[in-house]
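I have placed the structure first, in the form of C-alpha cells, so that the comments after it can refer back to it.
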There are 2 protein chains.
Amino acid sequence: MAVTTERAPREPAGKGAETRAAILERAVDLASVEGLEGLTIGRLATQLGMSKSGLFAHFGSKRELQLATVGAAAQRFWVAVIEPALSAEEGLPRLRALAHSSLAYLDNGTFSGGCFWAATSAEYDDRPGPVRDAISAGLDTWLGELARQAKIAGSAEPDRFAFELYAIASGANSRFRLSGERAVFGYARAAIDRLLGELPR
Amino acid sequence: MAVTTERAPREPAGKGAETRAAILERAVDLASVEGLEGLTIGRLATQLGMSKSGLFAHFGSKRELQLATVGAAAQRFWVAVIEPALSAEEGLPRLRALAHSSLAYLDNGTFSGGCFWAATSAEYDDRPGPVRDAISAGLDTWLGELARQAKIAGSAEPDRFAFELYAIASGANSRFRLSGERAVFGYARAAIDRLLGELPR
DNA sequence: CCTACCGATCGGTAGG
DNA sequence: CCTACCGATCGGTAGG
C-alpha cells in the first residue's frame, strides 16, 4: 500500500527524461545567476535551443519548474559536498570533511553564479509558498546534518555549533562573490579550525 | 573651486524633494522584500498613489532609481547602526557597540524585508554595473569600519576579525529570515562575545 | 505631476 | 516537441 502512494514521476524514462535532466542542469546554473524569479522560461528555452512551449510542457507551470530546479540543486550539493565527506568517520572527522568540501564547493564554482542556496534563500525569504518551503527544507537538512555531527563529536551546543559553521561558510561566499578576494577563504578556514578546536578530543 | 565641482542635486528643495524622499523610503522597503530588480516603477507608484510616469520623472531611468535607493538604504543603516555606536570609545567599546546595534537592527525590522544589504548583494553579485558597484561600496565601507576599529582594539588581523563579525551577523540574518527562530541571535551574540574576548585587553 | 501610448517580454494556452 | 497566439506588465516616451 505504502508504495502505491508514491507519486509517479511525470517523465518515466527515455528521451523525455534526458531532456528534462538537461533542462534542469541549465536551470540550476541560470537560477544561481539570475535567481529563481529571473529564471524565465523564454530565456531558458533560448539557451537550450528549444521553444518556450516545448520546455513549458515538461513542467506545466513556472512554479513546478522552480521546484524541480531546487531539487536538482539539492542533488548537485549532495554530490559536491556531502558525498565526498561520507568516507570520513562520523563526528569530528566528518565535520572537518564537510567544512572542507563546502568551502571547496564555494571556491571552485560548483554553481556558475555562486552558491545556489545563498542566492535563492535571500530571494525567497519574503515570498511565502512552496518554493520558499523547498529552499528552507534544503538548508534545514544541511544545518541539521552539521548539528548531528557536532553532537556526535561531543559538542554541548550542536545547534550553535552548526550555526557558526554555516555563518562562516555563507559569509565567505557572499564576501568572495562581491569582492572577488580569495583571502576570505583563508579567514574562513582559520575560523573553522578554531571552532573545531573547541570540541572535546 | 572644489565646492563647485560637487554635483548639483536633481531636486533642489521644496515639494519635489519631499516627494522624492517619500518615494525612496518606500523604495528601500520594497527592495528589501522584492529585490532591486523586483522594485518596479509601476508597483512603487501604485503603493504611493501616484502615476508611473510621475514617479519616473524624478529619476529618469530605473537604474537611477536603483542607485538612489541604495543611497537611501545606506543612510538608514547609518542612522540605525553606526550613529548609535559613535558615543562609545574607539576600539573594543566601539566594536562591541557596533556589533550590538547591527544585531538589534536585524532583529527589530529596520528594513521591512530583512537586511537590504544581504538581499541586494546576493541579487547583484552576478550583475556587473553601477548598481552592483554601489552595493559593494556600501558593504566595503561597513567591513572597513569594522576592520579599522579592530585594529585600534589591537587585533593582529583586523581584516579577518571584520570578516568574522560580518559573517556572524549576516548568518544570523539569513537564518532568522528563513527559520524565524530568534535563537540564532543568541548564538550570534555568544559568537561575537567570544570573538571580542580574543582581543588584547 | 498627469493621460495616453510604444515595443518587448512575461507566464500560459490552443491546437497540432 | 512545434507555431501562433492571449492578456498583463515591464521600462520608457510624447506631449502637456
Side-chain angles (χ1 to χ4, degrees), chain A residues 9-28 30-31 33-70 120 123-124 127-132 134, chain B residues 9-28 30-31 33-70 120 123-124 127-132 134:
Chain A
R10 190 183 298 264
E11 305 270 348
K15 184 122 192 270
E18 274 175 43
T19 303
R20 184 185 159 99
I23 291 169
L24 289 176
E25 285 302 300
R26 281 272 189 166
V28 170
L30 190 52
V33 174
E34 307 279 355
L36 279 165
E37 291 296 306
L39 173 72
T40 69
I41 296 166
R43 201 179 304 169
L44 188 55
T46 301
Q47 286 194 6
L48 289 155
M50 61 190 292
S51 70
K52 253 177 61 174
S53 62
L55 191 155
F56 186 87
H58 280 274
F59 303 97
S61 72
K62 178 164 183 181
R63 170 174 289 181
E64 287 301 322
L65 168 63
Q66 290 170 322
L67 289 170
T69 302
V70 174
T120 59
E123 186 182 12
Y124 274 84
R127 298 177 191 261
V131 177
R132 192 203 124 109
Chain B
R10 190 183 299 262
E11 306 270 346
K15 184 121 191 272
E18 275 175 43
T19 304
R20 184 185 159 102
I23 292 170
L24 289 177
E25 285 302 300
R26 281 273 190 167
V28 170
L30 189 52
V33 174
E34 308 279 356
L36 280 165
E37 291 295 308
L39 173 71
T40 68
I41 296 164
R43 201 178 305 169
L44 188 55
T46 300
Q47 286 195 5
L48 289 156
M50 61 190 292
S51 70
K52 255 178 60 175
S53 63
L55 191 154
F56 187 86
H58 280 273
F59 304 96
S61 72
K62 178 163 185 181
R63 171 174 289 182
E64 288 302 322
L65 168 62
Q66 291 170 322
L67 289 171
T69 302
V70 174
T120 59
E123 185 183 11
Y124 274 83
R127 298 178 191 261
V131 178
R132 191 203 124 108

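Every chain is numbered from 1 and lettered A, B, ... according to where its sequence line falls, protein lines coming before strand lines.
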So which heavy atom on [X] is nearest to which on [Y], and how close?
X	Y	result
B:Y124	B:R132	O-CG, 3.1 Å
B:L48	B:R26	CD2-CG, 3.5 Å
B:A68	B:L24	CB-CD2, 3.7 Å
B:G42	B:K52	CA-CG, 3.4 Å

- Message: Short of 4.0 Å, heavy atom to strand atom, which residues of residues 34-42 of chain A count as contacting DNA chain D?
- Response: none

I need the [atom1]-[atom2] distance between [X] and [N], as an integer number of Å.
X	N	atom1	atom2	answer
A:L65	C:dC10	CG	P	13 Å
A:L55	C:dG12	CG	P	12 Å
B:K52	C:dT3	NZ	P	12 Å
B:E18	C:dC1	CD	P	10 Å
B:E64	D:dG11	CD	P	15 Å
B:R63	D:dG12	CZ	C1'	14 Å

- Message: Using Watson-Crick or G-U wobble geometry with both distances under 3.5 Å, which nucleotide pairs with C:dG7?
- Response: D:dC10

- Query: Taking a pair as Watson-Crick or G-U wobble with both distances under 3.5 Å, which nucleotide is matched to D:dC2?
  - Reply: C:dG15

Please enumerate all protein N or O atoms sitting under 3.5 Å from an N or O of nucleotides 13-16 of chain D, with distances to 0.1 Å.
none

- Message: OP1 or OP2 of D:dG12 versus the side-chain N and O atoms of B:S61: is any pair under 4.0 Å?
- Response: no

Heavy-atom side-chain proximity of [X] to [Y] below 4.5 angstrom:
X	Y	value
A:F59	A:I23	yes
B:V70	B:L67	no
A:Q66	A:E37	yes
A:T69	A:T120	no

- Atom pair CZ (A:R20) and CD (A:E25), whose distance is rounded to the nearest 0.5 Å: 12.5 Å

- Among the nucleotides D:dG11, C:dC10, D:dC2, whichever has the atom closest to the side chain of B:K62 is D:dG11

- Task: Between A:R43 and B:M50, just flag the one whose closest nucleotide in DNA chain C comes earlier from the 5' side.
- Result: B:M50

